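Notes follow the structure.
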Amino acid sequence: MKYIPFFGCMMTTKYPWFEAAVRRTFDNMGLELVDVDGFTCCPDPIYFQAHDKMEWYTIAARNISLAEELGHDVITTCSGCTATLSEANLALKEDPELKEKINKRLKKIGREYKGTVNVRHAVTVMRDDYGMDRVAKTVTHPLGGLKIAVHYGCHLLKPSRVMRVDDPDRPTILDNLITAAGGRPVHHDKTLLCCGRACMDNSISDHMVMDILDNVVETRADCMGLICPTCFDEFDMGQLILGRKYKKKFDVPVIYAFQLLGLAQGLKPEEVGLHLHKVKVDRLFEKAAG
Amino acid sequence: MVLHVDNGMEVQEKHKIDFDFREKLDVIADGFRHNYCYQCGACVADCPSHNYSESFNPRLIMLKTLLGFEDELVQPDSEIWNCTNCYTCSERCPQDVRPVDIIIALKNLCVKTGKAPDSIQKISQAVMESGITTKATSVTERRRQELGLNPMKTYPVEDLKKIVEGE
């Protein structure tokens with residue numbers, strides 16, 4: 001199977017080690033990624049969508065139309081990109097009038113959105129195409145029962161009408177990926193809580209993030225395992241910022257799901273950029289090794 | 001006049017009820033489903049912003065939308081900007097109102113009428129000028145190289161400018 005990866009902005013510029021983790025793990029599983037030139041920002045589902053939804057649909061449709069030329073499914077690795085491209089793809093497939101309006105705009109640059117490819121998050125490839133049991137077979141360095149507090153974030157799952165990834169109230173897809181990698185997924189009261197990044201009032205999001213971190217600490221998990229770079233921003237860098245602001249100490253390492261898989265497949269921590277995290281993760285490997 | 005709504009919360013009717021406001025919103029992309037709202041409140045209990053700030057209430061936002069409280073909703077400091085876009089309300093709504101989409105339509109109206117916070121324009125401008133939201137910094141290329149990734153590509157900004165200019 002061939003897939004067209006859509007890494008978006010955050011994972012190419014700010015967290016390129018997540019891109020590296022996805023590329024290396026896909027390579028380890030023999031899944032081919034075909035890069036496409038000319039992708040722009042998805043565009044961002046919060047601010048850009050708030051700016052103008054028609055422009056948001058148009059730029060998303062342009063991105064999808066580039067993938068349509070090759071005919072492979074688009075694989076997203078950031079929950080924000082997943083949200084934008086999935087919603088635009090579904091809306092344009094469902095609404096011929098909207099599609100016509102958008103295509104009038106795209107015509108100005110000689111492009112057309114046809115609605116011939118799917119947009120899917122990379123984790124669904126693990127479950128639906130490759131299979132979690134086969135993923136487990138690629139694991140050479142199981143995570144040694146590392147206790148991982150799963151954090152799904154919002155846009156992988158909701159709105160479920162659009163995303164069609166998993167049950168938004170009882171998701172299992174990340175748990176199963178972590179289990180396949182030899183980790184032990186754990187849940188807590190705030191597992192499904194939003195990271196709050198889109199809130200204008202920081203006092204709201206600060207308390208969401210701290211509540212989640214407090215719950216993770218309470219479960220005595222070794223780290224958080226998540227799938228969204230925006231959530232990562234909130235919990236990794238955010239942990240330091242909130243620690244200073246509210247005089248608290250959490251010390252919860254935060255790891256992206258494909259970094260966990262990469263480690264389990266024998267990649268070195270620096271190959272998936274673990275040394276670049278703000279909250280240090282070194283002690284986890286001592287535990288996994290020992 | 002005071003409108004009494006759930007849990008003893010009150011909405012001051014500061015402005016005249018304006019049913020024409022619904023039609024204003026109807027013409028914005030995906031901004032018509034508020035008309036299906038029957039104020040059951042299913043959207044409220046699991047709303048994270050509501051749970052961390054009582055002043056944010058998706059049901060009240062839908063009510064104010066139906067009553068046409070434009071002056072309250074369409075402002076740079078309106079409560080709509082505290083929506084987390086988590087879509088939990090859309091999961092719970094029995095009427096398929098999709099409250100997040102209505103809130104986004106309200107935000108679009110803020111932009112159209114020059115009443116959006118500056119952060120919105122900053123991001124949309126970044127996309128139109130550079131093709132991306134999160135810009136590369138001086139360390140981006142070095143990091144990419146260390147990780148064995150290809151250098152960043154240029155973004156077709158001219159194409160973006162052409163396609164966003166109306167129909």
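Order of the sequence lines sets the chain letters (A, B, ...), proteins ahead of strands, with each chain counted from 1. Just so it is clear, the model here is predicted, and its values are computed rather than measured.
Proximity to chain B (any heavy atom under 4.5 Å) is restricted, for A:Arg23, to the side chain, taken from C-beta onward. With a 4.5 Å cut-off on non-hydrogen atoms, A:Arg197 does not touch chain B at all. For A:Glu87, the part lying under 4.5 angstrom from a heavy atom of chain B is the side chain only. There is no contact between B:Lys122 and chain A, counting heavy-atom distances below 4.5 Å. Looking at A:Phe39, only its backbone comes within 4.5 Å of chain B, counting heavy atoms on both sides. When heavy atoms are compared at a cutoff of 4.5 Å, A:Ile102 does not approach chain B at all. Heavy atoms closer than 4.5 Å to chain B are found in both the backbone and the side chain of A:Leu106. Of the two parts of A:Pro159, the backbone and the side chain both hold a non-hydrogen atom closer than 4.5 Å to a non-hydrogen atom of chain B. Only the backbone of A:Glu271 comes within less than 4.5 Å of a heavy atom of chain B; no side-chain atom from C-beta onward does. Contacts between B:Ala116 and chain A at a heavy-atom distance below 4.5 Å are absent for every atom of the residue. Of the atoms belonging to A:Asp169, it is side-chain heavy atoms, and not backbone ones, that fall under 4.5 Å from chain B. Contact annotation for A:His51: both backbone and side-chain heavy atoms come within less than 4.5 Å of a heavy atom of chain B.
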Would you check, one step at a time, whether the test salt bridge (charged side-chain N to carboxylate O under 4.0 Å, His left out) holds for B:Arg144 with A:Glu19? CA-CA 9 Å; B:Arg144 291 187 65 81; A:Glu19 177 183 336; 2.9 Å; yes
Take A:Met163 and B:Tyr87 through the side chain to side chain contact (heavy atoms under 4.5 Å, CB included) test and state the conclusion after the steps. CA-CA 11 Å; A:Met163 307 316 292; B:Tyr87 291 96; over 6 Å; no
Begin from the C-alpha positions of B:Asp159 and A:Arg111 and carry the test salt bridge (charged side-chain N to carboxylate O under 4.0 Å, His left out) through to its verdict. CA-CA 10 Å; B:Asp159 276 7; A:Arg111 305 212 63 84; over 6 Å; no
I'd like to know whether A:Lys53 forms a salt bridge (charged side-chain N to carboxylate O under 4.0 Å, His left out) with B:Asp101, so could you lay out the CA-CA distance, the side-chain angles of the two residues, the decisive distance to 0.1 Å, and finally the verdict. CA-CA 10 Å; A:Lys53 194 155 191 178; B:Asp101 290 313; 3.1 Å; yes
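Ranked by heavy-atom pairs under 4.5 Å with chain A, the first of B:Val111, B:Thr84, B:Asn82, B:Ile123 is B:Asn82. For the set B:Arg98, B:Lys153, B:Gln121, the entry with the most heavy-atom pairs within less than 4.5 Å of chain A is B:Arg98. Looking only at heavy-atom pairs under 4.5 Å with chain A, the residue among B:Thr140, B:Thr137, B:Ile120, B:Asn108 that has the most is B:Asn108. Counting heavy-atom pairs closer than 4.5 Å to chain A, the top-ranked of the candidates B:Pro156, B:Gly31, B:Ser90 is B:Pro156.
Every pair passing salt bridge (Lys or Arg N to Asp or Glu O under 4.0 Å) that includes a residue from residues 34-46 of chain B is listed here, sequence neighbours excluded: B:Asp46-B:Arg92.
Atom OH in B:Tyr155 sits 9.0 Å away from atom SG in A:Cys41 (nearest 0.5 Å). Put simply, OH on A:Tyr47 and OG on B:Ser124 are 12.0 Å apart, with the number rounded to the nearest 0.5 Å. In this structure, the separation between NZ on A:Lys14 and OG1 on B:Thr134 is 7.0 Å, given to the nearest 0.5 Å.
Under the 3.5 Å distance criterion, with hydrogens and angles disregarded, a donor-acceptor pair is assigned to the side chains of A:Lys158 and B:Thr88. Between the side chains of A:Asp206 and B:Tyr52, no donor N or O sits under 3.5 Å from an acceptor N or O.
Between B:Ile132 and the choices A:Asp44, A:Thr13, A:Thr40, the side chain to side chain contact (heavy atoms under 4.5 Å, CB included) rule is met once, by A:Thr13.
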